[in-house]
Amino acid sequence: MNIMDFNVKKLAADAGTFLSRAVQFTEEKLGQAEKTELDAHLENLLSKAECTKIWTEKIMKQTEVLLQPNPNARIEEFVYEKLDRKAPSRINNPELLGQYMIDAGTEFGPGTAYGNALIKCGETQKRIGTADRELIQTSALNFLTPLRNFIEGDYKTIAKERKLLQNKRLDLDAAKTRLKKAKAAETRASSEQELRITQSEFDRQAEITRLLLEGISSTHAHHLRCLNDFVEAQMTYYAQCYQYMLDLQKQLGSFPSNYHCNNNQTSVPPVPSASSNIIGSSALTSTSGLVMTSPSNLIDLKEGSGSRKARVLYDYDAANSTELSLLADEVITVFSVVGMDSDWLMGERGNQKGRVPITYLELLN
């Protein structure tokens, strides 16, 4: 017998098996044939595996949406992953916003209240963008990858063996049907032999499937560890963001809101209420006994003729000879000059004098 004859006979046998399974399946649906039921333990394992697969897919897809809201970016990352290539690194939304703020603040002028605040906010947004990138990388490695490996690896193997078990079950029930219909002794003996073979194959496949399905408990334990890693990554991310914004709030808190205006605009202080006086006095007093630059302090200084000591909050480079360069944490003397812009005071350090921006100062008691 040559190879061609063997292949023809194999195809004919496969076609016969397929037809036999199709007939058995159809008759079962029509209620015209009996169906061998799987034992309750195996059915429970199959149900647990299917449930695990469905919810793992949903959690995985929604986590991807959470980490990368842009659907086009997700598609691009998917394509690069299938091509086994690294997706190009792109600036994320917080980083882009931060860069816009820094560029705007630089153009408005770092010496102005608004320009300086924009730069500070921009730097914070870029730090948040970096933290966001780290969250995505950590979550993808420690959480999404194990979930995807289960869907594309372990569960595919389970589904393959489950389908094979279904085919073996159809073969077994078809053999039972043929045995019932057998009349002649010779035909009956052949049918009994076929039933023993199909029963043995079905039992063996049921055991293989059961062993695979019992591994789902281990999968749950592994996914639990991955979930803990994901929660820890989120906790780190939100803690970083909170600290960044807390630091930013402290920096912006030193900018008097009454002077967040252009030089050609007149600053009009709001009339404080009794409750705001109480809140303001407690909020402006620090633990070291220093008083931060409040609008009322600045108004008193600018309307009066006296001088005050002030601590410098940030480094400042003088733009011209009329200004005084500053170093963070140094203490200088400041006083008002008639006709000077509302955003500036005159600063004095030893024999050096020059204009200094109000937003860089903290008046001392």
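If you're wondering where the values come from, they're calculated on a predicted model, not measured in any experiment. Starting from 1, each residue takes its place in the sequence as its number.
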Can you confirm whether more than 12 heavy atoms, excluding those of Glu232, are under 6.0 Å from its CD atom?
no
For the residue pair Leu144 and Met60, what are the closest heavy atoms and their distance?
CD2-O, 3.6 Å
In terms of hydrophobic clustering (I, L, V, M, F, W, Y; side-chain heavy atoms under 4.5 Å; direct or indirect links), are Leu170 and Ile208 co-clustered?
no
Does the side chain of Arg308 reach to within under 4.5 Å of the side chain of Leu361, using non-hydrogen atoms?
no
Verify side-chain contact (heavy atoms from CB on, under 4.5 Å) between Thr198 and Lys168, making sure each step is shown before the conclusion.
CA-CA 7 Å; Thr198 53; Lys168 296 299 183 184; over 6 Å; no
With clusters defined by side-chain heavy atoms of hydrophobic residues (ILVMFWY) lying less than 4.5 Å apart, directly or transitively, does Val312 cluster with Phe335?
yes
Please check if any side-chain donor atom of Gln251 sits under 3.5 Å from a side-chain acceptor atom of Asp247, or the reverse.
no
Tell me, please, which residues at least two apart from Ala182 pass side chain to side chain contact (heavy atoms under 4.5 Å, CB included).
Thr187, Arg188, Ser191
Thr138 versus Ala233, closest heavy-atom pair with distance
CG2-CB, 3.9 Å
OG1/Thr219 to CG/Asn149 distance, rounded to the nearest 0.5 angstrom?
11.0 Å
Between Tyr360 and Tyr316, what is the ring plane arrangement, given parallel below 30°, perpendicular above 60°, and tilted in between?
perpendicular
Please answer: with hydrophobic residues joined when any side-chain heavy atoms are less than 4.5 Å apart, are Trp344 and Val337 in the same cluster?
yes
Measure the spacing between SG of Cys121 and CG of Leu248 and express it to the nearest 0.5 Å.
4.5 Å
Inter-residue atom distance Leu165.CG - Phe202.CZ, 0.5 Å rounding:
5.5 Å
Is the side chain of Asp132 donor-acceptor paired with the backbone N or O of Ile128 at a distance under 3.5 Å, no angle test?
no
Given side-chain contact (heavy atoms from CB on, under 4.5 Å), test Val65 with Gln62 step by step and report yes or no.
CA-CA 5 Å; Val65 173; Gln62 193 56 40; 4.0 Å; yes
Non-hydrogen atoms of Ala328 and Asp315 that approach each other most closely
N-OD1, 2.6 Å
To the nearest 0.5 Å, tell me how far Arg148 CZ sits from Glu64 CD.
5.0 Å
Any chance the side chains of Gln199 and Arg196 put a donor and an acceptor closer than 3.5 Å?
no
Exam field: side chain Asn142 to backbone Cys226, donor-acceptor pair closer than 3.5 Å
no
Residue Asn93 excluded, over 12 heavy atoms near CG under 6.0 Å:
no
What pair of heavy atoms forms the shortest contact from Pro110 to Asn116, and how long is it?
O-CB, 3.3 Å
With Glu95, which of Arg90, Gln125, Arg133 fulfils side-chain hydrogen bond (donor to acceptor under 3.5 Å, both in side chains)?
Arg133
Side chain to side chain, Asp343 and Thr359, heavy atoms closer than 4.5 Å:
no
How would you list, by chain and number, every residue that makes a side chain to side chain contact (heavy atoms under 4.5 Å, CB included) with Arg349, sequence neighbours excluded?
Leu324, Leu326, Glu330, Ile332, Gln352
I need the minimum non-hydrogen distance between Leu213 and Ala49, along with the two atoms involved.
CD2-CB, 3.6 Å
How long is the gap from OG on Ser321 to CD on Glu323, to the nearest 0.5 Å?
9.0 Å
Using a 6.0 Å cut-off, check whether atom NZ of Lys48 has over 12 heavy atoms from anything other than its own residue.
yes
Cluster link Tyr155 to Leu46, ILVMFWY, side chain under 4.5 Å:
yes
For residues Glu348 and Val334, determine if any side-chain heavy atom of one lies less than 4.5 Å from a side-chain heavy atom of the other.
no
Under a 4.0 Å threshold between the charged nitrogen and the carboxylate oxygen, would Glu57 count as salt-bridged to Lys53?
yes
CA sep, side-chain torsions, deciding dist, call: Arg169, Asp173, salt bridge (charged side-chain N to carboxylate O under 4.0 Å, His left out):
CA-CA 6 Å; Arg169 202 270 307 160; Asp173 289 336; 2.7 Å; yes
same_hphob_cluster(Leu38, Leu211) at 4.5 Å side-chain heavy-atom cutoff
no
Sub-4.5 Å side-chain heavy-atom contact between Thr52 and Phe150
yes
Are any of the side-chain nitrogens in Lys156 or Glu152 under 4.0 Å away from the carboxylate oxygens of its partner?
no
Is any side-chain heavy atom of Ile102 less than 4.5 Å from a side-chain heavy atom of Lys126?
yes
Do Ser139 and Thr63 make a side-chain contact, defined as non-hydrogen atoms from C-beta onward lying under 4.5 Å apart?
no
Validation row: Leu164, Glu161 side chains within 4.5 angstrom (heavy atoms):
yes
Do Tyr314 and Lys120 pass the side-chain contact (heavy atoms from CB on, under 4.5 Å) test, and can you show the C-alpha distance, the side-chain angles, and the key distance before you say yes or no?
CA-CA 11 Å; Tyr314 320 105; Lys120 296 297 182 184; 4.1 Å; yes
Side chains of Ile158 and Ile216: does their closest heavy-atom pair fall under 4.5 Å?
yes
When you compare the side chains of Gln99 and Asp103, does any donor N or O come within less than 3.5 Å of an acceptor on the partner?
yes
Roughly how far apart are Thr130 OG1 and Tyr244 OH, rounded to 0.5 Å?
7.0 Å
Neighbour count above 12 (heavy atom, 6.0 Å) for Asp317 CG
no
As a quick check of understanding, evaluate side-chain contact (heavy atoms from CB on, under 4.5 Å) for Lys58 and Ile54, giving each step before the final call.
CA-CA 6 Å; Lys58 289 183 178 181; Ile54 291 173; 4.0 Å; yes
For Asp39, all residues meeting side chain to side chain contact (heavy atoms under 4.5 Å, CB included), sequence neighbours excluded
His41, Leu42
